[in-house]
Amino acid sequence: NMDTKRILLEKFNRLVFIPIAAVLFLMIGYQYVCPRHSSGSELGYAEPEADDDGPSKITSKFNLTERDLERQVHFDIRGDDVMVFLHIQKTGGTTFGRHLVKNIQLEQPCDCMPGQRKCTCHRPGRAESWLFSRFSTGWSCGLHADWTELTSCVPNVMNRRDKKNAPKGKRNFYYITMLRDPVSRYLSEWKHVQRGATWKTALHMCDGRPPTQDELPACYSGEDWTGVPLADFMSCPSNLGNNRQVRMLADLSLVGCYNMSSISELERGRVLLDSAKANLRNMAFYGLTEFQRKTQYLFERTFGLRFIRAFTQINSTRAASVGISEKVRWRIEGLNALDMELYEYAKELFLRQKEDVKPVEEVTTTEDYSSQVVRW
């Protein structure tokens, strides 16, 4: 009868539903317990984020050649090679600098004593430094030394530190740096100066001498520029925050250092921008603050070294919390026109590099690393 058929059908549906539900449950649970790893994760190095800025999706603005995209680095930590970190203000360099001394898996890790700002980063089996940076050698060439200062200073400093006289050409110096979106970087510097930062002990050495007061007049009177409004910060013509990234990456000797009368402003800007681009291309590595995981990914593959813990993208920065009008943004972009073009160039070169770099061998570690987050 109909009642018997209905009861049999309900029993059949339950018998079919239970095993299907069990299989689905196991599949979902497996995805949580055993997530699928990409080949990069299996090898133990960072993979870049999946985003819309992959190499194949970038609209090319610059005529980059295959040679521009090459990063042939054979860093010999056991030999005489030295990694030199050019630290530009407000680019996330403090965090990256800590990664270099505390977060790289090394045969002989850097010795970082509690309470001390500097770490000892020696080569395996030798009391010689392989890293020149704020957190290893300190500001040995001056506070936030730029490309012009470092290239003339680092070789002599390293020879003195290691008590040796390395023949010219024997040491390889691998320069690295971090860059940041110019508007965000500028606002971050303004907020930092507003809180009392000055960097007035920076040397700004060029062609063997610092700039005169006439060549580089101060933007403020007194000890610092605490509380400066953004409008005043933007109005100072000698503010080194303007186009800071280009200035710190360029060879200032090409334009008479800080002597603004030696060449026209237009020509000075063109020469500095071309020089900064060339020096950036010739660097062993550079990262971008806005792309932390890609920065980690490229560093590991470039140097054959591996970080212990993954980099973290921090977007809630002080600069991000500053609300500005479109008119003010345009003004900042105008004051940093050279930096704007350099950053666009650097970003395209950076994002196109990642598919051209060879992976490193697998490295395993049981060490822990406590990251220190800095709000830029």
| field | Worked verdict on D80 versus R126 for salt bridge (Lys or Arg N to Asp or Glu O under 4.0 Å) | value | CA-CA 11 Å; D80 293 301; R126 294 164 58 189; 3.4 Å; yes
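- Considering all non-hydrogen atoms of both residues, S60 and E348 come closest at OG-OE2, 3.0 Å.
- One distance of note links CD1 of I176 with CG of L86; it measures 9.5 Å at 0.5 Å rounding.
- Aromatic ring pairs are classed by plane angle as parallel below 30°, tilted from 30° to 60° and perpendicular above 60°; the pair W139 and H144 is tilted.
- For the two cysteine residues C121 and C110, the thiol sulfurs sit under 2.5 Å apart.
- Between F75 and M83, the shortest heavy-atom contact is CE1-N, 3.8 Å.
- In terms of hydrophobic clustering, with Ile, Leu, Val, Met, Phe, Trp and Tyr side chains grouped at heavy-atom distances under 4.5 Å, L203 and L143 are assigned to different clusters.
- Partners of R268 by salt bridge (charged side-chain N to carboxylate O under 4.0 Å, His left out), not counting sequence neighbours: none found.
- Between atom OG of residue S133 and atom NZ of residue K118 there is a gap of 10.0 Å, rounded to the nearest 0.5 Å.
- Aromatic pair F85/F96: centroids less than 6.0 angstrom apart.
- Ring to ring, F233 and Y186 are close: their centroids are under 6.0 angstrom apart.
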| task | Apply side-chain contact (heavy atoms from CB on, under 4.5 Å) to the pair T198 and Y220, showing each step before the final yes or no. | result | CA-CA 10 Å; T198 63; Y220 56 89; 3.5 Å; yes
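- Side chain of W225 to backbone of W190: no donor-acceptor contact under 3.5 angstrom is found.
- Judged purely by distance below 3.5 Å, without hydrogens or angles, the side chains of D214 and T212 never pair a donor atom with an acceptor atom.
- Side chain of S238 to backbone of L216: no donor-acceptor contact under 3.5 angstrom is found.
- Checking Q296 against Q292 by side-chain atom types alone, no donor-acceptor pair falls below 3.5 Å.
- When atom types are taken as modelled, the side chain of N103 and the backbone of F307 share no donor-acceptor pair closer than 3.5 angstrom.
- Of all non-hydrogen atoms in Y343 and D181, the two that sit nearest each other are CE1-N, 3.4 Å.
- Residues satisfying the salt bridge (charged side-chain N to carboxylate O under 4.0 Å, His left out) test with E215, not counting sequence neighbours, are R209.
- Salt-bridge annotation for R244 and E189: present, with a side-chain N of the basic residue lying under 4.0 Å from a carboxylate O of the acidic one.
- Look at D162 and R171 and you find a salt bridge, because one of the NZ, NE, NH1 or NH2 atoms lies within 4.0 Å of a carboxylate O, short of that distance.
- Every residue two or more places apart in sequence or in another chain that forms a salt bridge (charged side-chain N to carboxylate O under 4.0 Å, His left out) with R78 is listed here: E107.
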| request: Output, in order, the C-alpha distance, side-chain angles, deciding distance and verdict of side-chain contact (heavy atoms from CB on, under 4.5 Å) for L254 and D274. | output: CA-CA 11 Å; L254 299 174; D274 288 346; over 6 Å; no
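- Taking each heavy atom of W147 and A250 in turn, the nearest pair found is CE3-O, 3.9 Å.
- For D232 and S235, the side-chain atoms include no donor-acceptor pair closer than 3.5 Å.
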